[in-house]
Protein chains: 2
Amino acid sequence: MNLKNPARQAPITTADKIFETMQHEIVEGEILAGSKISEPELAKKYQVSRSTLREALNRLEKCHLIERKANVGSRVVECSVQGLLEIYQVREALEGMACRLAAQNMQDDEIAELQQVLNAHGNEQQLKDGIAYYQEEGDLDFHYRVILGSHNEQLIKILCGELYHLVRMYRCQFGMNSPRATRAYDEHKAIMYAIADRDGELAEMLMRRHIAASRKNIENKLEKESE
Amino acid sequence: MNLKNPARQAPITTADKIFETMQHEIVEGEILAGSKISEPELAKKYQVSRSTLREALNRLEKCHLIERKANVGSRVVECSVQGLLEIYQVREALEGMACRLAAQNMQDDEIAELQQVLNAHGNEQQLKDGIAYYQEEGDLDFHYRVILGSHNEQLIKILCGELYHLVRMYRCQFGMNSPRATRAYDEHKAIMYAIADRDGELAEMLMRRHIAASRKNIENKLEKESE
DNA sequence: TTTAGTCCAATTGTCGACAATATGAGTCGA
DNA sequence: TCGACTCATATTGTCGACAATTGGACTAAA
């Protein structure tokens, strides 16, 4: 079950469906990171023509999941620690700005909804304490709403359309199950208050620290694993 | 004469060439902003098949110059004041982060080159005082080097590959000829010093203010024109 | 006059085949 | 044995044709 993604429309054409299928398989690692994409092979696998498959590949490239070279072909992106670090740096900058704009541009009812979402997560969290998956969905949900609250189409397009699935891919492949759930939840609340107070500067700083903390947490974990 | 773009490789396939041609025509406004893209018509115009043209359209969509709807077609993006504002907000966030990372990651010889570039611009500027075009090239050149200096592949891909031409499109269509040339030049120097001092925090703030000032300058100009 | 429905023309999506290019095995010569 | 060259094979790029869908013109009924 896919969680709702406000930036995507329902799949219309068959290329849409192949795109979504492959996107899912790459994110989940069923198609291995770094592996070569063979157009004839996959066209046969999904029972479509190469034209349709190539259309799907173009969209996968748009969301940074594969890379193409002229006359050579496509490869699934590699998931490196360096790459993870880079993604988080981009997110820190963009979501920080989104948060500042959200404090400036969100409607009152949007803020009320954001608060309700957080409350719901708080209640759920006590029930399902320790079950990380829900927290992750809740985390994505919160970040999504803030990004949408920026009311900046470019920002939304980049974060929700072009970077979102790459972030998910890293989460899956590095097996991140949000080990700082309660802390993250409190940080979300602090961000929400800053937005409600229309304090854009503080909201941006809190969001940046929140993402940076998440990044450091992952770095520490990977470092510990490699020992 | 196109200025060098470090993020692009030379055109290999015919789709590459069509892409570059159309990109240029859209940026310069020869293909009107907001106009509908007719695949059969353009395929005939450029003497290629629709497949090849569609490949080019996919790349134009990747750099945000056109928008596609399933079963309906493509349109060139509109250039609105709102859109301009949004682009500058994204740039402020991303180039600010790039500048912070540049202070942290640039090699000493890269910094030396950056300084040389600025000096060259300073000398040229005195000679060609008032001629804005060169300054604009110089401006792009400076920003480019800082972005590359971040050594963050994702950041480089987004700024130099996906947003660069949209920025150029706005510059062309709104007829921006950098009316604050000397001031901008001094700001560039201040940024360069912060990078040389390895002061990432200051470097980020200076870059953000630099871009915000540029944005406000444009806003004022447009406001004055509409009176 | 307005609104709903139908049909037609044009556009987009998909397909299979051919042309151009890269990869790798094999051969020859130093 | 090593390196460069040749050639065959497989993959990617491009093409033209067909199928599916959309948007608009036209008709007819309320």
Side-chain angles (χ1 to χ4, degrees), chain A residues 7-26 31-78 157 161, chain B residues 7-26 31-78 157 161:
Chain A
R8 81 184 173 81
Q9 64 272 12
I12 308 284
T13 69
T14 58
D16 288 329
K17 298 187 188 79
I18 304 299
F19 165 62
E20 289 198 0
T21 303
M22 290 189 67
Q23 180 178 255
H24 186 269
E25 292 180 347
I26 290 174
I31 298 177
L32 274 76
S35 63
K36 172 125 178 40
I37 301 269
S38 164
E39 291 183 8
E41 182 186 324
L42 288 180
K44 207 176 81 180
K45 172 178 170 186
Y46 298 116
Q47 299 288 333
V48 293
S49 77
R50 268 184 58 226
S51 311
T52 305
L53 183 82
R54 280 164 71 87
E55 177 67 33
L57 292 185
N58 267 314
R59 304 199 199 166
L60 289 172
E61 194 185 10
K62 262 173 230 162
C63 54
H64 301 210
L65 291 179
I66 70 171
E67 285 168 347
R68 294 176 63 191
K69 270 188 206 165
N71 284 319
V72 174
S74 314
R75 303 197 80 89
V76 180
V77 296
E78 299 270 7
K157 194 176 189 176
Chain B
R8 84 184 171 82
Q9 65 272 10
I12 308 286
T13 68
T14 57
D16 288 329
K17 298 188 188 80
I18 304 299
F19 164 63
E20 288 199 359
T21 303
M22 289 189 68
Q23 179 179 257
H24 186 268
E25 291 181 347
I26 290 174
I31 298 178
L32 274 74
S35 63
K36 171 126 178 39
I37 302 269
S38 164
E39 293 183 7
E41 182 187 324
L42 288 180
K44 206 176 83 179
K45 171 179 172 186
Y46 297 117
Q47 299 289 332
V48 294
S49 76
R50 268 184 59 225
S51 311
T52 305
L53 182 82
R54 281 164 69 87
E55 176 68 31
L57 292 185
N58 268 313
R59 303 198 201 167
L60 290 172
E61 195 185 9
K62 260 172 235 165
C63 53
H64 302 209
L65 291 178
I66 70 171
E67 285 168 346
R68 294 177 63 189
K69 270 189 205 164
N71 283 321
V72 174
S74 313
R75 301 197 81 88
V76 180
V77 296
E78 298 270 7
K157 194 176 191 176

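Letters go in sequence order (proteins before strands), and every chain restarts at 1.
Both L53(A) and S38(B) lie close to DNA chain C; mapped to their nearest nucleotides by heavy-atom distance, the more 5′-ward contact belongs to S38(B).
Going from atom CD of E55(A) over to atom P of dT14(C) covers 7 Å, rounded to whole Å. With rounding to whole Å, E61(B) atom CD is found 14 Å from dT12(C) atom P. Rounding to whole angstrom units, CG of residue N58(A) and C1' of dT12(D) are separated by 13 Å. Per the geometry, CD belonging to Q47(B) stands 15 Å off C1' belonging to dG16(D), to the nearest Å. We find that CG of L57(A) is positioned 13 Å from C1' of dT11(D), with the value rounded to whole Å. Between the CZ atom of F19(B) and the P atom of dG13(D) there is a distance of 15 Å, rounded to whole Å. Summarising the geometry, the separation between CG on L42(A) and C1' on dT11(D) is reported as 13 Å, rounded to the nearest angstrom. Spacing between atom CD1 of I37(A) and atom P of dT12(D) amounts to 10 Å, rounded to whole angstrom units.
Among residues two or more places apart in sequence or in another chain, the salt bridge (Lys or Arg N to Asp or Glu O under 4.0 Å) test is passed with K36(A) by none. In this structure, S74(A) has no side chain to side chain donor-acceptor pair (under 3.5 Å) partners at least two apart in sequence or on a different chain.
OP1 or OP2 of dT14(C) has at least one side-chain nitrogen or oxygen of T14(A) nearer than 4.0 Å. In this structure, T52(A) reaches the dC15(C) phosphate: one of its side-chain N or O atoms is under 4.0 Å from OP1 or OP2. Under 4.0 angstrom from either OP1 or OP2 of dT14(D) there lies at least one side-chain N or O belonging to T13(B). The phosphate of dT12(D) has OP1 or OP2 within less than 4.0 Å of a side-chain N or O from K36(A). In this structure, R54(A) does not reach the dG16(C) phosphate: none of its side-chain N or O atoms is under 4.0 Å from OP1 or OP2.
Among dC15(C), dG13(C), dT14(D), the nucleotide with an atom closest to any side-chain atom of A15(B) is dT14(D).
Summarising the geometry, atom OG1 belonging to T52(A) is positioned 13.0 Å from atom CG belonging to L42(A); distances are rounded to the nearest 0.5 Å. In this structure, the separation between CG on L57(A) and CG on L65(A) is 11.0 Å, given to the nearest 0.5 Å.
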Could you write nucleotides 17-22 of chain D as a row of B, S and -, 5' to 3', where a protein heavy atom under 4.0 Å of any base atom gives B, of only sugar-phosphate atoms gives S, and otherwise -? ----SS
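In terms of modelled atom types and a separation under 3.5 Å, the side chain of D16(A) and the main chain of T13(A) share a donor-acceptor contact.
Nearest heavy-atom pair, I12(B) versus K17(B), reported as atom, atom and distance to 0.1 Å: O-NZ, 3.6 Å.
Between K45(B) and E41(B) there is no salt bridge, since no side-chain nitrogen of the basic residue lies less than 4.0 Å from a carboxylate oxygen of the acidic one.
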